[in-house]
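Scope of the values below: all heavy atoms of this structure, side chains included, with no hydrogens, waters or symmetry mates.
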Amino acid sequence: MGGSVKDIQSKEELNTVVSHGKPVILHFWASWCEASKQMDLVFSHLSTDLPHAHFFRVEAEEQPEISEAYAVSAVPFFVFFKDGQKVDAMEGANPSSLANKVAKVAGSVNPDNSAVPASLGMAAGANMLETVKEFAKQNGVSQKETISTSGSHVLVEKRLKQLVDSHPIMLFMKGNPEEPKCGFSQKVVNILKEEGVNFGSFDILTDNDVREGLKKLYNWPTFPQLFCKGEFLGGCDIAVSMHESGELKEVFRDHGVVTTETKGSEPVASSVSDSSTGLSVTLDSRIKNLIDSSSVMLFMKGKPEEPKCGFSRKVVEILQQEKVKFHSFDILDDDEVRQGLKVYSNWSSYPQLYIKGELIGGSDIVLEMQKSGELKKVLTEKDIIPKETLEDRLKNIISSSDTMLFMKGTPDEPRCGFSSKVVNALKEDGVNFGSFDILTNEEVRQGLKTYSNWPTFPQLYYKGELIGGCDIVLELHGSGELKSTLSD
């Protein structure tokens with residue numbers, strides 16, 4: 001993969017490298033993850049531009065000891081070391097953020113080069129910029145749009161609408177039609193193929209700006225999202241309902257969408273059909289019975305009480321946090337099931353989570369769904385857990401950390417001056433705290449105002465009780481009372 005990137009083979013080797021004190025940047029990746037491969041190109045060019053720093057790569061699933069040591073539950077994931085200590089971490093595919101964070105620990109390529117866009121960080125040399133251009137091109141956006149939206153996280157509505165209008169039928173999904181990254185996306189792809197329509201698609205896992213922007217623009221919090229001639233139709237459940245009732249075909253006809261004759265007499269089969277898996281009828285039936293043996297079924301490495309990889313451990317923790325009863329199968333004990341399920345589900349890695357017989361995805365998908373609230377929504381819709389009231393949800397978020405800050409943005413990237421001041425005060429007093437970005441969830445944002453009877457943000461809570469906003473926190477900080485107030 002070029003550059004001066006080296007592969008780490010053991011935790012002992014990594015410890016030795018880090019102990020030397022030079023800047024070290026570690027990339028956790030997976031061979032099945034396209035975003036990992038794209039970010040590795042950026043990573044390699046940065047290693048060339050910054051030869052005095054050490055750049056190492058770890059295949060996350062092959063090195064579970066290292067992955068667990070740094071709480072890696074999704075890829076791509078980066079860890080930054082300086083003077084023998086971990087100083088930062090980053091999850092996800094964002095070339096600009098990676099360049100900025102590398103610059104902090106390893107210095108800049110050319111501090112006097114004013115031609116380097118600020119949003120790419122001072123670490124961005126010529127090689128880096130060319131790689132970002134290619135990264136943007138592969139993701140269907142122009143260099144200008146990538147540069148202008150990175151860092152600011154502000155989406156131009158015009159860009160979203162251009163994407164929506166780029167095809168008569170447009171599907172925003174997880175993965176691509178050839179390799180869907182969640183069962184819901186796969187189901188809609190199959191429906192569109194059965195309907196005999198040509199359609200465009202966009203992988204929202206590759207562009208968080210598009211992902212979050214679509215949620216807000218069309219007031220729809222989950223994916224996939226299906227559009228016809230620029231008109232939003234809905235998500236998976238709506239597409240299924242419209243398909244089964246024949247309404248979807250009518251919508252396509254009314255909008256003048258040309259359909260093609262589906263090749264062959266059989267409809268496109270989903271992963272539960274043994275006619276498309278190539279597995280023996282016996283193995284196919286066995287796998288289906290295992291999947292259907294529990295409403296929530298997890299195929300993992302190890303057991304819930306003793307996971308054998310960090311990814312499996314993370315999904316177990318998420319299910320436990322959501323208070324979900326589930327069954328599991330240790331794929332390390334049965335190689336026939338281990339290899340067969342990969343073919344059956346068209347999903348090459350583990351863990352694999354199924355709900356009511358439907359593949360949800362692996363650890364990265366489950367983690368994203370939990371963060372966005374989509375997992376709880378699915379569990380509720382499938383009658384796995386009772387519907388949570390807004391008040392219950394607010395209480396759960398508040399109690400998720402002894403000291404909890406509701407703010408605009410994140411502690412690393414506050415989105416308003418008041419939030420930034422409170423974060424700095426807490427850090428200066430050495431207070432550990434959790435946070436919630438109220439800009440990502442309008443329901444929580446408005447609900448918390450009523451719940452707390454406090455109309456503005458940030459809001460700081462300690463053990464479930466409201467401490468106050470920016471002025472009160474700064475007053476406690478200035479008098480030296482903040483740390484004692486948050487430790488009683």
Side-chain angles (χ1 to χ4, degrees), residues 71 73-74 88-92 153 208 212 215 221 314 317-324 366-377 379-380 385-488:
S73 58
D88 202 355
M90 171 188 148
E91 180 180 296
H153 304 290
N208 196 56
E212 296 305 320
K215 289 180 182 180
K314 187 63 183 178
E317 289 174 352
I318 288 173
L319 293 174
Q320 291 173 342
Q321 289 166 9
E322 299 291 343
K323 296 181 174 57
V324 175
V366 176
L367 178 61
E368 280 297 317
M369 289 178 69
Q370 186 196 37
K371 287 180 178 178
S372 68
E374 187 177 352
L375 181 60
K376 190 178 293 292
K377 180 176 182 290
L379 291 168
T380 302
I385 60 174
K387 187 174 182 179
E388 182 184 53
T389 66
L390 177 57
E391 184 175 349
D392 289 336
R393 185 181 182 194
L394 294 175
K395 287 180 178 178
N396 287 335
I397 298 174
I398 290 170
S399 63
S400 64
S401 178
D402 279 354
T403 303
M404 189 68 190
L405 177 63
F406 291 84
M407 61 180 291
K408 294 180 180 179
T410 66
D412 292 333
E413 294 185 22
R415 298 286 294 277
C416 79
F418 301 107
S419 294
S420 181
K421 287 178 181 179
V422 172
V423 167
N424 290 337
L426 291 170
K427 288 182 177 179
E428 287 174 11
D429 280 1
V431 177
N432 292 321
F433 63 98
S435 69
F436 186 95
D437 181 1
I438 53 93
L439 296 178
T440 64
N441 193 300
E442 188 66 18
E443 184 181 46
V444 170
R445 180 178 185 174
Q446 299 303 327
L448 196 61
K449 292 179 181 180
T450 304
Y451 178 87
S452 63
N453 195 27
W454 194 275
T456 60
F457 292 95
Q459 293 182 19
L460 182 67
Y461 291 77
Y462 179 65
K463 291 190 174 179
E465 297 294 327
L466 176 65
I467 300 300
C470 181
D471 290 344
I472 291 176
V473 173
L474 294 183
E475 184 178 338
L476 289 170
H477 174 61
S479 66
E481 299 177 65
L482 182 59
K483 190 169 185 177
S484 61
T485 301
L486 302 178
S487 59
D488 292 340

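- Nearest heavy atom pair, residue V366 against residue L375, reads CG1-CD2, 4.1 Å.
- Around the CG atom of N396, the shell of radius 6.0 Å holds more than 12 heavy atoms that belong to other residues, nucleotides or ligands.
- Scanning for side chain to side chain contact (heavy atoms under 4.5 Å, CB included) contacts around T389 gives E391, D392, with sequence neighbours left out.
- Nearest approach of S372 to K215, heavy atoms of both residues: CB-NZ, 3.7 Å.
- In this structure, the side chain to side chain contact (heavy atoms under 4.5 Å, CB included) partners of S420, at least two apart in sequence or on a different chain, are P414, N424.
- Listed by chain and residue number, R445, Q446 satisfy the side chain to side chain contact (heavy atoms under 4.5 Å, CB included) test with E442 (two or more places apart in sequence, or in another chain).
- Using bins of under 30°, 30° to 60° and over 60° for the plane-to-plane angle, the ring pair Y461/F406 lands in the perpendicular bin.
- Taking the side chain to side chain contact (heavy atoms under 4.5 Å, CB included) definition, one finds that F418 meets it with C416, P458, C470, sequence neighbours left out.
- From L426, atom CG reaches atom CG of N432 across 10.0 Å, with rounding to the nearest 0.5 Å.
- Of the possible polar contacts, none joining the S419 side chain to the R415 backbone as a donor-acceptor pair under 3.5 Å is found.
- For residues 421-436, no residue pair satisfies the salt bridge (charged side-chain N to carboxylate O under 4.0 Å, His left out) rule, not counting sequence neighbours.
- A pairwise comparison of heavy atoms in V423 and M407 identifies CG2-CE, 3.7 Å as the closest pair.
- With rounding to the nearest 0.5 angstrom, the CD1 atom of I385 is 4.0 Å from the OG1 atom of T380.
- The CG atom of L486 lies 12.0 Å from the NE2 atom of H477; values are rounded to the nearest 0.5 Å.
- Residues satisfying the salt bridge (charged side-chain N to carboxylate O under 4.0 Å, His left out) criterion with D88, sequence neighbours excluded, are K101.
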